[in-house]
Number of protein chains: 2
Amino acid sequence: MTHLEATGRRKRGRPTQEERERRRDQILDAAVSLFVAKGFGQTSIDELAAAARVTKRTIYTYFGDKAEVFTAAVERFRVSALAQLTAEDESLTDVATRLVLVLHSDEAVGLHRLMIAEAPQFPRLAERFYASGPLGYIELLSSLLDAEGAPPDAAADGRAEALFGLLLGEPHRRRLLGLAPAPTPAEARRHARAALRLVVGEGDGAG
Amino acid sequence: MTHLEATGRRKRGRPTQEERERRRDQILDAAVSLFVAKGFGQTSIDELAAAARVTKRTIYTYFGDKAEVFTAAVERFRVSALAQLTAEDESLTDVATRLVLVLHSDEAVGLHRLMIAEAPQFPRLAERFYASGPLGYIELLSSLLDAEGAPPDAAADGRAEALFGLLLGEPHRRRLLGLAPAPTPAEARRHARAALRLVVGEGDGAG
DNA sequence: CTATAATGATACGAAGTAGTGTCATTTTTT
DNA sequence: AAAAAATGACACTACTTCGTATCATTATAG
């Protein structure tokens, strides 16, 4: 609608509320991409500005700080992943498969790696990340396991945690180290079923 | 033996072979400590020199490069951990418990985190790290599981990998994110037994 | 219409850092 | 005894980077 949209020239002037949000996302998109590719410390604000097609000045008006760009990027991913999680209602196998796929995606692995790398610098963010990431998924699995009518083990509390650990497992570690590509849907499903077999036993025909 | 050893003054002059090794270790000790505490990028050579009680010049004669200091530190840990691994002969429960303890130690977790953080910059090192770290442990577990006379599952190949993943599990992830202290020996043992129970079944009285 | 917020462009300051050069000094090596 | 190797001390260069300042320009808000 703005009369310069078709041209390559970028307009300057007071932006509308919607444009501000778009621009914010634009900056964070570039930030995630660069941080994941090169790391937080190795990414300069100038690079980020160039990648986001924005000037450095703009970044500092949106985020006061380089660290704040980082926390904002992680926070955005965090809340979006949480929202995506809580609005689901499938079978256990399906949920497990989807979890494997999502958690091994480039974005999730990249941010996970980033969070591990920068955890000493951002301890509070690391806490939030873990609480609404892994912990949230474990709680979901736990409720699903209860609903599935699991045998009343003495160590029933740790089963969801073990299941989550199995769903990630070594493939996820290899991904964190950059040693493997993301799994295909078929591989993810196979992996999920193997993990479930180990935790809930042989019979789970809900696939 | 050197005639200035008692005084605080450090000598200068051509060092003996043994002294060179000691000094090299001294530098790498400081490097590991600093890298783990502050990260690779956030540690300057000057800091490292001060911490190792050595001048910057010396660091550059031993290692030509800052990156080479990093690879040397990881390599030293890598081979020492591998040597420590291959010279053992215990019961499955004992090995699992020791694995839990070792892999959750400050040094192991710190280097693991460091390796994840810098993997994009040092891909070949990451490969070696994984091959002689996790992969080595998995092979060890696999041979022990075979010796233990495991049921001839169709998915017998993945059991050692699953066991290893369970031995680390969420506690290890929390450690990577700086959210938990190292486990006590009792906790490690309990964790190891729970993991074994899940993988090899109920009966494992070898504790 | 008027005031205002935001941006592009660009330069700049301050600080930190990797890596090198120099040189005297001391100890090992031969 | 003489040569060589290595170190401490320290300055120094070249470069990068964060964050700020300036200022004209333009579109939105009221």
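Within every chain, numbering begins at 1; the chains are lettered A, B, ... in the order of the sequence lines, protein sequences first and strands thereafter.
One can place NZ of K38(B) at 12 Å from C1' of dG16(C), the figure rounded to the nearest angstrom. Distance CD (Q17(A)) to P (dA5(C)): 14 Å, rounded to an integer number of Å. Rounded to whole Å, atom P of dC12(D) lies 16 Å from atom CG of D46(B). Residue L48(A) contributes atom CG, which lies 13 Å from atom P of dT17(D) at whole-angstrom precision. Here dA9(C) presents its C1' atom at 12 Å from NZ of K56(A), a figure rounded to the nearest Å. E18(A) has its CD atom 17 Å from the P atom of dA27(D), to the nearest Å. Rounded to an integer number of Å, the gap from R22(B) CZ to dT27(C) C1' is 15 Å. E19(B) places its CD atom 9 Å from the C1' atom of dT27(C), with the value rounded to the nearest Å.
The residues R76(A) and D29(A) are annotated as salt-bridged, a charged nitrogen and a carboxylate oxygen being separated by less than 4.0 angstrom. Contact check on R124(B) versus E118(B) returns no salt bridge, with no Lys/Arg side-chain nitrogen under 4.0 Å from an Asp/Glu carboxylate oxygen. With salt bridges taken as basic N to acidic carboxylate O contacts below 4.0 Å, one links R173(A) and E170(A). We find that R24(A) and E75(A) are not joined by a salt bridge, their nearest charged nitrogen and carboxylate oxygen being 4.0 Å or further apart. Between E187(A) and R190(A) no salt bridge is recorded (no basic side-chain N to carboxylate O distance below 4.0 Å).
Residues from residues 59-71 of chain B with heavy atoms under 4.0 angstrom of DNA chain C, sorted by number: Y60(B), D65(B), K66(B).
Among the nucleotides dG8(D), dT28(D), dC18(D), the one closest to the side chain of T58(B) is dG8(D). For R20(A), the side-chain atoms get nearest to dA6(C) when compared with the rest of dA6(C), dT17(C), dA29(D).
To the nearest 0.5 Å, the span separating NE2 on H112(A) from CZ on F129(A) amounts to 5.0 Å. Rounding to the nearest 0.5 angstrom, the gap separating the NE2 atom in H104(B) from the CG atom in L167(B) is 8.5 Å.
Considering only side-chain N and O atoms, R57(A) lies nowhere under 4.0 angstrom from the phosphate OP1 or OP2 of dA11(C).
Within 4.0 Å of T55(A), counting heavy atoms only, lies at least one base atom of the nucleic acid.
Between the side chain of R14(B) and the base of dT28(C) there is at least one donor-acceptor pair of N/O atoms closer than 3.5 Å.
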